[in-house]
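Here the structure is laid out as structure tokens; the discussion comes afterwards.
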Amino acid sequence: PCHTGNPAVDVLLGEKLGLAKAKGIAAEVSLVLPNPCRIDDFDLCVIFANALDNAITACHSCSGEKALHIGGKQQGDFYMLTFENTCPEGPLPPAGTGLSNIRTVAEKYHGAVQTEKTGGKFSLNILLNIS
């Protein structure tokens, strides 16, 4: 089980990481959410569910190493969530509803979303204002 400091996120992470493990994906989590967080549990779950669904799908499509890392750290009044995963070589598929939902939540908290693909690695960074 994960211990992020948020029970709703912990349950969701436990479920998604169990699914990742069943698909042969090595997963690592290194984050503790701020307390008080000031981000609605539902909004956190939108971010984590969509980001992890996308990451698990990408990893599952890989023929080699399958890895997923979730991190987070506070920087002043902002919290940065990072999702990194292996992915197939080649162009990314078009952004779908999941990434759009993540962007909507980030904008709600006066934040931003950045994606980057380098070779067989994809990174999703989400900056949220927690003040």
- Message: So does Gly72 get a backbone contact from the side chain of Thr82, meaning a donor-acceptor N/O pair under 3.5 Å?
- Response: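 Between the backbone of Gly72 and the side chain of Thr82 there is no qualifying donor-acceptor contact (under 3.5 Å).
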- Query: Which other residues end up in the same hydrophobic cluster as Phe78, if Ile, Leu, Val, Met, Phe, Trp and Tyr are linked when side-chain heavy atoms come under 4.5 Å apart?
  - Reply: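 Traced through the cluster, Phe78 reaches Met80, Leu127.
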- Check the pair Thr4, Val32 against side chain to side chain contact (heavy atoms under 4.5 Å, CB included), reporting the backbone distance first and the verdict last. CA-CA 4 Å; Thr4 64; Val32 175; over 6 Å; no
Out of curiosity, [X] [atom1] to [Y] [atom2], how far, rounded to the nearest 0.5 Å?
{"X": "Lys121", "Y": "Cys87", "atom1": "NZ", "atom2": "SG", "answer": "10.5 Å"}
{"X": "Asp43", "Y": "Ile102", "atom1": "CG", "atom2": "CD1", "answer": "12.0 Å"}
{"X": "Tyr79", "Y": "Leu33", "atom1": "OH", "atom2": "CG", "answer": "4.5 Å"}
{"X": "Ile126", "Y": "Gln114", "atom1": "CD1", "atom2": "CD", "answer": "11.0 Å"}
{"X": "Asn54", "Y": "Leu124", "atom1": "CG", "atom2": "CG", "answer": "8.0 Å"}
{"X": "Glu116", "Y": "Ser123", "atom1": "CD", "atom2": "OG", "answer": "6.0 Å"}

- Item | Listed partners of Asp77 passing side chain to side chain donor-acceptor pair (under 3.5 Å), at least two apart |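 For Asp77 there are no side chain to side chain donor-acceptor pair (under 3.5 Å) partners, ignoring immediate neighbours.
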- Message: With side-chain hydrogen bond (donor to acceptor under 3.5 Å, both in side chains) as the rule and sequence neighbours excluded, what pairs involving residues 22-36 come up?
- Response: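 Applying side-chain hydrogen bond (donor to acceptor under 3.5 Å, both in side chains) to every pair that reaches into residues 22-36, excluding sequence neighbours, yields Ser30-His69.
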- Considering only NZ, NE, NH1 and NH2 on the basic side and carboxylate oxygens on the acidic side, decide whether Lys108 and Asp40 come within less than 4.0 Å.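 No salt bridge links Lys108 with Asp40.
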- Task: Give the minimum heavy-atom separation between Val113 and Ala106, together with the two atoms involved.
- Result: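 Taking every non-hydrogen atom into account, CG2-CB, 3.6 Å.
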- State, to 0.1 Å, how close Leu12 and Ala49 come at their nearest heavy-atom pair, and which atoms those are.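 Closest approach of Leu12 to Ala49: CD2-N, 3.5 Å.
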- Item | Proximity of Phe83 and Phe122 rings by center, below 6.0 Å |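 No - the distance between ring centres of Phe83 and Phe122 does not fall below the 6.0 Å cut-off.
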